[in-house]
Amino acid sequence: MKLPDGWSPRTLAGVRTKLLNWFDKNQRDLPWRRTVNGARDAYQVWISEVMLQQTTVAAVVPYFERFLAAFPDVRALAAADEQRVLKLWEGLGYYRRARHLHAAAKLLVAAHNGDLPDDPDVWAPLPGVGRYILGAVLSQAFDRPLPIVEANSLRVLARLFAYPGDPREGEGKVWVWAAAETVLPAKRAGDFNQSLMELGALICTPAAPACDRCPVRDNCEAKRLGRQDQIPPKKKQPAITEVAEVGVVIRDGANVLLCQRPADAGRWQNMWEIPHALRMEGEDVSAAAVRVARELTGFDVEPGAEIRTVRHGVTRYAITLVCVGSVLRGGAFAAGHYANAKWVAPRELGDYPVSSPQRKLMTALADPNHQPRLF
DNA sequence: AAACCGGGGGA
DNA sequence: TCCCCAGGTTT
């Protein structure tokens with residue numbers, strides 16, 4: 001990466017020092033930053049990094065504490081039942097992260113006796129480990145000089161060097177990784193990486209950055225140009241697509257059907273969708289869901305309808321059929337797929353991991369006064 | 001390159 | 001409401 005005009009190696013060294021000093025003084029007290037003999041525990045760093053993907057620090061803290069209490073080390077995690085791992089993840093979202101974490105823990109115990117080695121080649125092939133997690137864990141736990149790029153550091157670097165394009169796309173991605181590598185010091189790489197993220201979280205915020213409190217304000221090219229509000233450009237928001245989610249309860253006497261899709265169900269992850277073609281002319285969406293569920297299962301089906309909007313790039317389906325107690329998106333389950341289904345008493349449903357929207361739906365459906373909203 | 005995964009918090 | 005968040009995987 002080419003440094004802006006007027007930047008010497010000395011300028012760069014000054015930036016590094018200022019950021020590290022600022023971090024030493026201003027870092028937040030977070031549970032995964034606890035150290036033992038000056039070193040961070042690789043397992044704790046790893047867990048925190050995975051939980052923090054696309055998730056705010058405030059949301060993660062209580063989950064991290066619970067998770068660590070249940071699974072204090074990689075051996076405990078590897079030995080755990082997947083359902084218990086998912087249950088502790090319930091409400092965090094992106095459940096595939098938990099499955100990958102669990103699978104990776106098993107691999108590490110099988111292949112490395114449960115050690116978390118200071119070796120990128122061991123980490124790189126693990127499920128759920130990309131370039132960011134790799135750099136974050138190895139730099140923080142072992143002080144390896146590996147760069148990181150995530151939402152915060154991307155913003156800080158784009159502003160510091162006034163990158164004119166979008167650092168999230170195309171050659172911008174290449175540039176921002178090169179920039180992260182260029183600014184990284186040989187020593188204290190972990191603290192330096194964290195300083196970029198911490199600065200992005202506390203000072204160099206997406207809107208209204210607090211430049212007057214920034215330790216590198218005198219070096220920031222975006223500030224010099226007065227363009228800190230335009231750099232980096234805002235992410236394009238995908239169109240809002242309305243998705244109808246229809247909840248149904250499938251009953252056999254006192255029990256309800258609980259289905260969980262096998263983790264390896266692959267392309268069938270959306271198999272509970274009711275294709276438009278299955279809906280009869282003029283039929284309500286909710287009526288179609290009940291009819292199809294009844295035909296698929298042959299059991300009693302109670303209707304319950306909810307609707308919510310979701311923000312996805314393109315969501316083509318219009319009807320989602322939800323079996324009570326069934327869904328962990330990105331890894332769950334579907335009505336009509338019985339490989340992993342069982343009948344359970346309604347009060348036992350709480351023992352199973354379910355995503356929050358499904359939990360809400362289940363609660364509503366369990367309420368005798370609930371009036372399904374039909375559409 | 002684009003789509004997918006989810007929920008919470010702040011402005 | 002809208003925007004954002006310690007990304008990775010799949011197609």
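Proteins get letters first, then strands, A, B, ... in listed order; numbering begins at 1 in each. Keep in mind that what you see is a predicted model, and the values were worked out from it rather than measured.
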How many whole angstroms separate atom CG of A/L92 from atom P of C/dC5? 18 Å
Distance between C1' atoms of B/dC5 and C/dC5 (Å, rounded): 14 Å
Is the closest side-chain donor-acceptor distance between A/E198 and A/S195 under 3.5 Å? no
When you check the side-chain N and O atoms of A/Y132 and A/Q53, is any donor under 3.5 Å from an acceptor? no
Under 3.5 Å side-chain donor-acceptor pair for A/W7 and A/E221: yes
Could you spell out the base pairing of DNA chain B in dot-bracket, with Watson-Crick or G-U pairs whose two distances are under 3.5 Å, [ ] crossing and | to another strand? |||||.|||||
Would you mind reading off the distance between A/Y95 atom OH and C/dG7 atom C1', rounded to a whole angstrom? 17 Å
Here's a test of your reading of the structure: between A/H100 and A/E49, which maps to the more 5' nucleotide of DNA chain C? A/E49
Checking all strands, does A/I133 fall into the base, sugar-phosphate, or nothing category for heavy-atom contacts under 4.0 angstrom? sugar-phosphate
C/dT9 to B/dG8 separation - C1' atoms, rounded to the nearest Å: 24 Å
Ignoring hydrogens and geometry, is there a side-chain-to-backbone donor-acceptor pair from A/R33 to A/Q27 under 3.5 Å? no
Closest non-hydrogen contact found for A/L146 with A/L134 is CD1-O, 4.5 Å
Evaluate the criterion salt bridge (Lys or Arg N to Asp or Glu O under 4.0 Å) for residue pair A/R40 and A/D191; output intermediate values, then yes/no. CA-CA 11 Å; A/R40 293 205 172 92; A/D191 286 341; 3.6 Å; yes
On DNA chain B, more 5' by nearest nucleotide between A/A58 and A/Q54 is A/Q54
Scan A/R155 against the nucleic acid and name what it touches under 4.0 Å (heavy atoms): base, sugar-phosphate only, or nothing. sugar-phosphate
Nearest-nucleotide comparison on DNA chain C, the residue closer to the 5′ end among A/T56 and A/G130: A/T56
Heavy atoms under 4.0 Å, any strand shown: does A/A151 hit a base, just sugar-phosphate, or nothing? sugar-phosphate
Starting at NZ of A/K236 and ending at C1' of B/dA1, how long is that distance when rounded to a whole Å? 10 Å
Could you give the CG-to-P distance, from A/N152 to C/dC3, as a whole number of Å? 19 Å
Can you check the A/F192 CZ to C/dA6 C1' distance for me, whole Å? 16 Å
Minimal heavy-atom distance between A/W89 and A/M51, with the atoms involved, is CH2-CG, 3.6 Å
Applying a 4.0 Å non-hydrogen cut-off, can you work out what A/W32 is touching in the nucleic acid: base, sugar-phosphate, or nothing? base
Base, sugar-phosphate, or nothing: which does A/V60 touch, judged by heavy atoms less than 4.0 Å apart? nothing
Write down the distance between CE (A/M51) and C1' (B/dG8), rounded to a whole number of angstrom. 15 Å
Work out how far the P atom of B/dG9 is from that of C/dG8, and round it to whole angstrom. 24 Å
